[in-house]
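Single-structure report; data block below.
Keep in mind it's a predicted model, so treat the numbers as computed, not measured.
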Amino acid sequence: MTTIGIIGAGHIGSQVARKAVELGYDVVISNSRGPETLHDLVAELGPKARAATAAEAAAAGDFAVVTVPLKNYKDVPVEPLAVKVVIDTNNYYWERDGRIPALDNGEATTSGLLQEHLPQSKVAKGFNHIMAADITTDGSPAGTPDRRALATASDYPEAAELVTRLYDEFGFDTVNVGPLSESWRVERDRPAYVKRQTAAQLKDNLAKAPRTI
């Protein structure tokens, strides 16, 4: 069975872990404070989950989910994630992360910054524009009328395909935005951000997105 390495055990990371375990995945999850602080979460998740350091989670995962505050993205271990697909949930909150001029000026994207940090990995945007609680509650089977859709973007088709498969297992349709250079369309404060929408509605909202806010 596939193992997911989750780097970051906050709201998104914990919810991804819960749904992944429910679906039969093995999960190795980490945070910045050490594995011992994840005892309660791992106890809740059960035998298919264990806590580890970020480097251990990165090494253990067949693919990884990075869900740390953007200001800490350079702390993500590089070598253990080489050649692996890395799903990036990051959003830019300047109030928390400090001002990043390349993002303010529309010269970069949050996932593009992580791809630069992980040059040998295959980064894909995922799970960044959905409220954490909805990850485990808002999915529905394929073909359900008005099924919710989520966006992804990647410079690597195989990474976008992995996110598409995972979204479907979690209960969501996928809209592929294209390369990471277009992933700003689903970032904070754009029309598609944290809104429940079908694939058709998501495509419309992506098209309406302004490059800078």
Side-chain angles (χ1 to χ4, degrees), residues 1-93 95-98 110-111 113-114 117-118 120-140 148 150 152 159 162-163 165-172 188 194:
M1 177 53 68
T2 301
T3 298
I4 306 176
I6 300 180
I7 301 171
H11 296 303
I12 296 289
S14 297
Q15 287 294 87
V16 169
R18 289 182 177 100
K19 189 64 179 181
V21 166
E22 177 188 321
L23 292 168
Y25 286 94
D26 292 317
V27 166
V28 182
I29 191 166
S30 66
N31 66 6
S32 61
R33 295 177 294 135
E36 65 280 357
T37 65
L38 294 172
H39 176 270
D40 290 348
L41 176 61
V42 170
E44 174 199 335
L45 293 173
K48 296 191 74 62
R50 65 181 176 90
T53 66
E56 290 167 344
D62 296 296
F63 66 91
V65 177
V66 168
T67 178
V68 299
L70 182 62
K71 64 180 179 180
N72 297 331
Y73 79 92
K74 290 185 178 179
D75 295 334
V76 174
V78 176
E79 196 59 36
L81 293 172
V83 310
K84 295 182 180 181
V85 172
V86 176
I87 301 173
D88 171 46
T89 78
N90 274 331
N91 287 301
Y92 173 39
Y93 292 97
E95 305 90 336
R96 173 197 66 192
D97 302 317
T110 56
S111 293
L113 293 177
L114 184 63
H117 175 65
L118 301 173
Q120 298 181 72
S121 302
K122 301 172 183 178
V123 173
K125 195 76 173 172
F127 295 108
N128 79 298
H129 65 114
I130 180 172
M131 297 296 291
D134 292 349
I135 291 172
T136 56
T137 61
D138 214 19
S140 57
R148 186 169 183 172
L150 299 175
T152 191
L162 187 151
V163 175
R165 292 195 303 271
L166 192 66
Y167 277 170
D168 187 55
E169 291 174 349
F170 275 47
F172 304 102
R188 176 192 179 187
V194 295

Problem set entry | Verdict with reasoning, R148 to D134, per side chain to side chain contact (heavy atoms under 4.5 Å, CB included) | CA-CA 10 Å; R148 186 169 183 172; D134 292 349; 3.0 Å; yes

For this session: Take L113 and K74, measure what side chain to side chain contact (heavy atoms under 4.5 Å, CB included) needs, and give me the verdict at the end.
Result: CA-CA 9 Å; L113 293 177; K74 290 185 178 179; over 6 Å; no

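Using the six-membered ring where Trp is involved, F170 and F127 have ring planes that are tilted, between 30° and 60° apart.
In this structure the side chain of R96 reaches within 4.5 angstrom of the side chain of L70, judged on heavy atoms. V68 is not listed as a side-chain neighbour of D75, based on a closest heavy-atom distance of 4.5 Å or more. Residues I29 and L41 are in side-chain contact: their nearest non-hydrogen atoms beyond the backbone lie under 4.5 Å apart. The side-chain heavy atoms of K19 and E169, taken from C-beta on, include no pair separated by under 4.5 Å. Considering only heavy atoms from C-beta on, I87 comes within 4.5 Å of L162 through its side chain. Put simply, the side chain of N72 does not reach to within 4.5 Å of the side chain of S32, judged on heavy atoms. Side-chain contact between F63 and T2: present, with at least one pair of heavy atoms (C-beta onward) separated by less than 4.5 Å. The shortest side-chain heavy-atom distance between D88 and N128 does not fall under the 4.5 Å cut-off.
Between R50 and A60 the shortest heavy-atom distance is NH2-CB, 3.8 Å. Looking at every heavy atom in both residues, L118 comes nearest to V78 through CD2-CA, 3.7 Å. When all heavy atoms are compared, the tightest approach of T67 to G13 is CG2-CA, 3.6 Å. Between A57 and A52 the shortest heavy-atom distance is N-CB, 4.2 Å. Taking each heavy atom of D26 and K48 in turn, the nearest pair found is OD1-NZ, 2.9 Å. For V123 against S111, the heavy-atom pair with the smallest separation is CG1-O, 3.9 Å.
Note that the CD1 atom of I135 and the CZ atom of F172 stand 7.0 Å from one another [nearest 0.5 Å]. Of the inter-residue distances, the one linking D168 atom CG with L150 atom CG reads 11.5 Å to the nearest 0.5 angstrom. With rounding to the nearest 0.5 Å, the separation of CE in M131 from CD in Q15 is 11.0 Å. Separation of atoms OG (S14) and CG (D40) is listed at 11.0 Å; rounding is to 0.5 Å. Going from atom CG of N90 over to atom CZ of R188 covers 13.5 Å, rounded to the nearest 0.5 Å. Within the model, atoms OG1 of T89 and CG of L114 stand 9.5 Å from one another, a figure rounded to the nearest 0.5 Å.
The backbone N or O of A58 lies less than 3.5 Å from a partner atom in the side chain of K84, making a donor-acceptor pair. A donor-acceptor pair under 3.5 Å links the side-chain atoms of S121 to the main chain of L81, judged by distance alone. The closest donor-acceptor contact from the side chain of T3 to the backbone of D62 lies at 3.5 Å or more, if one exists at all.
Surrounding CZ of R18 are more than 12 heavy atoms belonging to other residues, nucleotides or ligands, all under 6.0 Å away.
Each of T53, V42, V28 was compared with P35 under the side chain to side chain contact (heavy atoms under 4.5 Å, CB included) criterion, and only T53 meets it.
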